[in-house]
Protein chains: 2
Amino acid sequence: MLSFAEENYLKTIYHLSKGGRKDVSTNSIAESLHTKPASVSDMIRKLSRKKVVNYKKYQGVNISKEGKEKALLVIRKHRLWEVFLVNKLKFSWDQVHEIAEQLEHIRSPLLIERLDQFLGFPQYDPHGDPIPDKKGVINSKPQIPLCDLKLNDSGVVIAVKDSSKEFLQYLDKLGAAIGTKIRVLDKIAYDGSMEIDIGDQKSVFVSGEVSENILITS
Amino acid sequence: MLSFAEENYLKTIYHLSKGGRKDVSTNSIAESLHTKPASVSDMIRKLSRKKVVNYKKYQGVNISKEGKEKALLVIRKHRLWEVFLVNKLKFSWDQVHEIAEQLEHIRSPLLIERLDQFLGFPQYDPHGDPIPDKKGVINSKPQIPLCDLKLNDSGVVIAVKDSSKEFLQYLDKLGAAIGTKIRVLDKIAYDGSMEIDIGDQKSVFVSGEVSENILITS
DNA sequence: AAATATTTTTAGATAAGCCTAAAAATATTT
DNA sequence: AAATATTTTTAGGCTTATCTAAAAATATTT
Ligand SMILES: [Mn+2]
Ligand SMILES: [Mn+2]
Ligand SMILES: [Mn+2]
Ligand SMILES: [Mn+2]
């Protein structure tokens, strides 16, 4: 049985090891969780004793099979609750992450099963992230960051990499919600910014940073 | 801001002071929370510093005005979540208490407001307990324990005093859910047990303990 | 009223989870 | 390869919430 803190560490380690290489650095975990490296070292030792991560001093950690299962269950709960908040309680997609951070730790297998059913077995959360099934299996569509599209390529917004309030509210303002068609009108080599057409309706300029955080399916 | 543990202590102190006299003993709190009196003494000192209880050493505690407000908010959340679990997720009334014990600590005023609305502003939880409103106001109907009814009196089950799995499952077996009509056929002075008619359908004997835990409106 | 029993508080530990500062290991420059 | 910089770990503290054992206060009997 893992504590809330242990679940949060494990989830972070999972996310960090998914993006980059297998081994995750102490500093990157500390940065993600807004804690100090010393605290991370302590916690990693504890997670290692519990066999949810593999760890050799000074060599970074990687998540074990059981650790991954536990992390995916927390992520499943997080995303199901986000769907509940948006679809049933009419929250907007930029309001739900913080609340889901709390709800993801509620312990009751039956609750999650019933919630899943109540929501109609959703496949994706409000930010386009896939919801792992009971066994932790993720059914993910190919996602390309907008910045990787070529001139005149088009595709549909399928997810966002950054789920912060600020970014989501900016996308709302652009009218670039999930499901919106986007076409690349111009790519500015100088700073990585782009001119894009949103929903065949308007053309706007977005920064390189923004274009990295919008995920497209083609 | 109160911790989960502090919220649980406060809720317990509120419940204990509602039933009997105003001042609550250290031992009774310890018993309710399955902790030791020494731990209770520590916690009471802390709650007293936070002004949510009034406390004089060796004289017991009573809850303050702010304490009562905070306790009622936790109780409001607990009962709304129980309604959600039963009405929306199809849990039975004996399955929801433990899960609500976790959900009652989720912090988000907007979430509770939306949940209340989603549920249609329910007045009572699945065990017949009244749900405090946003301001902590409780709208409670008069409740009499079954054991206080006289011979041939009748009334409707409006709530239960004990919400344990075991008791609720026994009531299910009796067919004495909330809303069921009950009439007193006989009162056995010897042991306080009763013969009752349930829903004009069948007569059964119930122990004195059971008849204390069934609440009736007349 | 004195003796005894019960209740409550205090003293001293422990575990989790965090911190800062210092030491040790590893990585990067020169 | 040596010097320097960075990363990671360890050492030692702090807070919260719990415990057991002992002391102090209050309540009950005799
Ligand atoms: Mn989220
Ligand atoms: Mn999400
Ligand atoms: Mn309950
Ligand atoms: Mn209830």
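Below, read A as the first sequence line, B as the second, and so on, with proteins coming before strands; counting in each chain starts at 1.
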Report yes if some heavy atom in the side chain of B:Glu212 is under 4.5 Å from a heavy atom in the side chain of B:Cys147; otherwise report no.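 With C-beta onward as the side chain, the pair touches.
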State, with a plain yes or no, whether a side-chain heavy atom of B:Met194 is found less than 4.5 Å away from one of B:Ser211.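 A side-chain contact exists here, since the closest heavy-atom pair is under 4.5 Å.
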[X] [atom1] - [N] [atom2] separation (whole Å):
| X | N | atom1 | atom2 | answer |
| --- | --- | --- | --- | --- |
| A:Lys56 | D:dT8 | NZ | C1' | 16 Å |
| A:Glu31 | D:dT7 | CD | P | 10 Å |
| B:Glu7 | D:dT16 | CD | C1' | 15 Å |
| B:Asn27 | D:dA25 | CG | C1' | 14 Å |
| B:Met43 | D:dT16 | CE | P | 10 Å |
| A:Leu2 | C:dA16 | CG | P | 13 Å |
| A:Lys36 | D:dT6 | NZ | C1' | 16 Å |
| A:Leu47 | C:dA16 | CG | C1' | 12 Å |

Please compare B:Thr26 and A:His34 by the position of their nearest nucleotide in DNA chain C and report the one closer to 5'.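 Here B:Thr26 is the residue nearer the 5' end.
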With DNA chain C as reference, determine whether A:Glu6 or A:Gln59 sits nearer its 5' end, using the nearest nucleotide of each.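 Between the two, 5'-proximity favours A:Glu6.
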From CA spacing to verdict: ring pair (Phe, Tyr, Trp, His ring centres under 6.0 Å), A:His127, A:His97: CA-CA 10 Å; A:His127 313 104; A:His97 182 74; 7.1 Å; no
Heavy atoms under 4.0 Å, any strand shown: does B:Phe4 hit a base, just sugar-phosphate, or nothing?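 The residue B:Phe4 makes no contact with any strand.
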Under a 3.5 Å cut-off for both contacts, is D:dA21 paired Watson-Crick or G-U wobble with anything, and if yes, with which nucleotide?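 Paired with C:dT10.
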Find the partner of C:dT29: check Watson-Crick (N1-N3 plus N6-O4 or O6-N4) and G-U wobble (N1-O2, O6-N3) distances, both under 3.5 Å, and reply none if neither fits.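 By the stated definition (distances under 3.5 Å), D:dA2 pairs with C:dT29.
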Listing, residues 35-42 of chain B side-chain donor-acceptor contacts under 3.5 Å, not counting sequence neighbours, or none:
{"unit_1": "B:Asp42", "atom_1": "OD1", "unit_2": "B:Arg45", "atom_2": "NH2", "d": "3.2"}

Mark yes or no: A:Lys88 above the aromatic ring of B:Phe118, with NZ or CZ under 6.0 Å from the six-membered ring centre and no more than 45 degrees from the axis.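 Negative - A:Lys88 is either too far from the ring of B:Phe118 or too far off its axis.
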Tabulated below should be each protein N or O lying under 3.5 Å from an N or O of nucleotides 10-12 of chain D; please produce it.
{"unit_1": "D:dT10", "atom_1": "OP1", "unit_2": "A:Lys57", "atom_2": "NZ", "d": "2.4"}

In terms of relative ring orientation, are B:Phe4 and A:Phe4 parallel, tilted or perpendicular, with 30° and 60° separating the classes?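 If you compare the ring of B:Phe4 with that of A:Phe4, the planes turn out perpendicular.
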Does anything in residues 62-76 of chain B pair up under side-chain hydrogen bond (donor to acceptor under 3.5 Å, both in side chains), and if so which pairs, sequence neighbours excluded?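 Matches after skipping sequence neighbours: B:Asp23-B:Asn62, B:Arg76-B:Asp116.
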